2 protein chains.
Amino acid sequence: MTIGHSERGVARTRTIMQAALALAQEAGYAKLSIEAVAARAGVGKHTIYRRWPSKGLLFLDSLLSLNEPGLDYPDTGDVLADLRRQIHSAVDLLGNPPWGPLYRALVGEAQHDPAVAAALNERFIRPQTDKTIARLKAAQEQGQISRGFDLDLVMAVLSGPMYFSLLITQEPISHDYVDRVLEALFAGMSPRH
Amino acid sequence: MTIGHSERGVARTRTIMQAALALAQEAGYAKLSIEAVAARAGVGKHTIYRRWPSKGLLFLDSLLSLNEPGLDYPDTGDVLADLRRQIHSAVDLLGNPPWGPLYRALVGEAQHDPAVAAALNERFIRPQTDKTIARLKAAQEQGQISRGFDLDLVMAVLSGPMYFSLLITQEPISHDYVDRVLEALFAGMSPRH
DNA sequence: CCCTATCGACACGGCACGTGCCGTATTGAC
DNA sequence: GTCAATACGGCACGTGCCGTGTCGATAGGG
């Protein structure tokens, strides 16, 4: 998405993304407009349109630029503890300001704009999924996780409940809540085991 | 939301909602405008604004009117089979046209508009949750489900994975996929049991 | 040092918003 | 059956933002 080759160019790009983030935090993504971003950044509208084709993709770039390193996985050897630590981190990031409300808005935008949905998947969800699967695969080979467990489902099963709470019921997600969900998942629902 | 007391009033209300649904299916929710709905319904804009305060809430009413009875639970005595049947129904409804794309748009709108989020919860999610908890509570008392299982989490744990697939990865959700998720949930992830 | 791509500023037509106003049609109270 | 109140369709308005076009200024690479 970023075009700027020259030093001035990348500086402008960064300025625009920062302006977009600032405005989104202050007034909410719903009220974000390209014109307002341009004014805030002290930039012509063309300079924005030259870099991003839509408000949604500008916003996605802006938001991801806030957490470049991504959510990395610890590997202490204890997969359960690692998983718990990682989900706690994810929930802390995605569930609280400044990311929380902005991330919710981004997912909302993805429901209206296929380009945003695709980019969100490729740039954020997929890498996250890959890391998770890699970590669990290692654990599976060490026998810490049932061999029969379908790792392709793991993101949906592990992250789904958190996304449900974030996007649908919109209840705050505490570490305790995460722990209870994990316990439910690992214990299973069936009686006697 | 509906004000119309007189016969003419309720007829207008229905006409407007049908126009909104038709337009949303044809052009997508993103391109839906109050003006277009008014024109399609052969109605003045005031007549819409008198009934609904926002596009989102009009759309929510319209969509819910498509499935008034809601998703009811079977009770055959076998909770696992019932659960499976119910989730299959839910996935068939929420994951396919005409509901599927419209429901995704509604959830997207809920991320931008707190009023829509609240109404979606109260009018659709909450009733669904209550039915699910009631059914599982009965099963729990019959020992078909572990006594320790936290029923307050049940919607997040059971529905979360489907919502993740619907809203985030946007992959189609087959019955087979549902079954694999349920199997993963009931079997748990931990080895040996 | 000049050439060219990029820039900020401004203006434009277009669309949809939400709100008035008007004259008409329907409704409910009496 | 009459009549006042209400709801209605149609129209127009001012506003905000869209995405594009056109300037002259600017700045960085060859």
Side-chain angles (χ1 to χ4, degrees), chain A residues 1-62 105 108-109 112-116, chain B residues 1-62 105 108-109 112-116:
Chain A
M1 215 57 51
T2 299
I3 293 180
H5 298 301
S6 68
E7 202 169 310
R8 185 175 65 147
V10 298
R12 291 246 192 297
T13 300
R14 201 170 45 239
T15 301
I16 293 168
M17 295 195 299
Q18 285 170 355
L21 285 175
L23 286 174
Q25 287 182 252
E26 291 167 14
Y29 175 80
K31 293 181 183 172
L32 193 66
S33 73
I34 300 276
E35 292 209 348
V37 174
R40 172 75 158 245
V43 141
K45 284 199 283 180
H46 278 308
T47 306
I48 297 182
Y49 282 111
R50 197 175 296 118
R51 288 168 166 73
W52 295 276
S54 70
K55 188 176 77 164
L57 289 175
L58 158 60
F59 186 61
L60 179 125
D61 263 5
S62 306
E109 185 67 21
H112 303 317
D113 184 341
V116 172
Chain B
M1 214 57 51
T2 299
I3 294 180
H5 299 300
S6 67
E7 202 169 309
R8 183 176 68 147
V10 299
R12 291 245 191 296
T13 300
R14 201 170 45 239
T15 302
I16 293 168
M17 295 195 300
Q18 284 170 356
L21 284 176
L23 286 174
Q25 286 182 253
E26 291 167 13
Y29 175 79
K31 293 181 184 170
L32 193 65
S33 73
I34 300 275
E35 292 209 351
V37 173
R40 172 74 158 247
V43 139
K45 285 197 280 179
H46 277 306
T47 307
I48 297 182
Y49 282 112
R50 197 174 296 118
R51 286 168 166 74
W52 295 277
S54 71
K55 188 176 77 164
L57 289 175
L58 158 61
F59 186 61
L60 179 126
D61 263 4
S62 306
E109 185 67 22
H112 303 316
D113 183 342
V116 172

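Here is how names work: the chains are called A, B, and so on, in the same order as the sequence lines, proteins then strands, and each is numbered from 1. Just so it is clear, the values below take in all heavy atoms, side chains as well, and ignore hydrogens, waters and symmetry mates. The shown structure was predicted, so the numbers you read here are calculated from the model rather than taken from an experiment.
Taking OG from B/Ser62 and CD1 from B/Ile16, the interatomic distance works out to 9.0 Å, rounded to the nearest 0.5 Å. To the nearest 0.5 angstrom, B/Phe59 atom CZ is 6.5 Å from B/Leu21 atom CG. The distance from the CZ atom of A/Arg40 to the CD atom of A/Glu26 is 4.0 Å, given to the nearest 0.5 Å.
B/Pro114 approaches B/His112 most closely through the heavy-atom pair CD-O, 3.7 Å. Taking every heavy atom of both residues into account, A/Tyr29 and A/Ala105 meet most closely at CB-CB, 3.5 Å.
Two end axes, each from the C1' atoms of five base pairs, can be drawn for the helix from C/dC1-D/dG30 to C/dC30-D/dG1; they diverge by 30°, to 10 degrees.
Looking only at side-chain heavy atoms (C-beta outward), A/Thr15 and A/Val43 stay at 4.5 Å or farther from each other. For the pair A/Tyr49 and A/Ile34, the minimum side-chain heavy-atom distance is below 4.5 Å.
Both A/Arg12 and B/Arg12 lie close to DNA chain C; mapped to their nearest nucleotides by heavy-atom distance, the more 5′-ward contact belongs to A/Arg12.
Between the C1' atom of C/dG18 and the CZ atom of B/Arg50 lies a distance of 14 Å, rounded to the nearest Å. At whole-Å resolution of the value, CG in B/Leu58 and P in C/dC17 are 11 Å apart. To the nearest angstrom, C1' of C/dG8 lies 12 Å from CD1 of A/Ile16.
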Under 3.5 Å, N/O pairs linking protein and nucleotides 16-25 of chain D:
from: D/dC18; atom 1: OP1; to: A/Ile34; atom 2: N; distance (Å): 2.9
from: D/dC18; atom 1: OP2; to: A/Ile34; atom 2: N; distance (Å): 3.3
from: D/dC18; atom 1: OP2; to: A/Glu35; atom 2: N; distance (Å): 3.1
from: D/dG19; atom 1: OP2; to: A/Tyr49; atom 2: OH; distance (Å): 2.4
from: D/dG19; atom 1: N7; to: A/Lys45; atom 2: NZ; distance (Å): 3.1
from: D/dG19; atom 1: O6; to: A/Lys45; atom 2: NZ; distance (Å): 2.8
from: D/dG21; atom 1: N7; to: A/His46; atom 2: NE2; distance (Å): 2.7
from: D/dG21; atom 1: O6; to: A/His46; atom 2: NE2; distance (Å): 3.0
from: D/dT22; atom 1: O4; to: A/His46; atom 2: NE2; distance (Å): 3.2

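Side-chain N/O atoms of B/Arg51 include one lying less than 4.0 angstrom from OP1 or OP2 on D/dC8. Taking side-chain N and O atoms only, B/Thr47 has no distance below 4.0 Å to OP1 or OP2 of D/dA7.
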Which is it for B/Arg51 and B/Thr13 under the side chain to side chain donor-acceptor pair (under 3.5 Å) test, yes or no, and what are the steps along the way? CA-CA 8 Å; B/Arg51 286 168 166 74; B/Thr13 300; 2.6 Å; yes

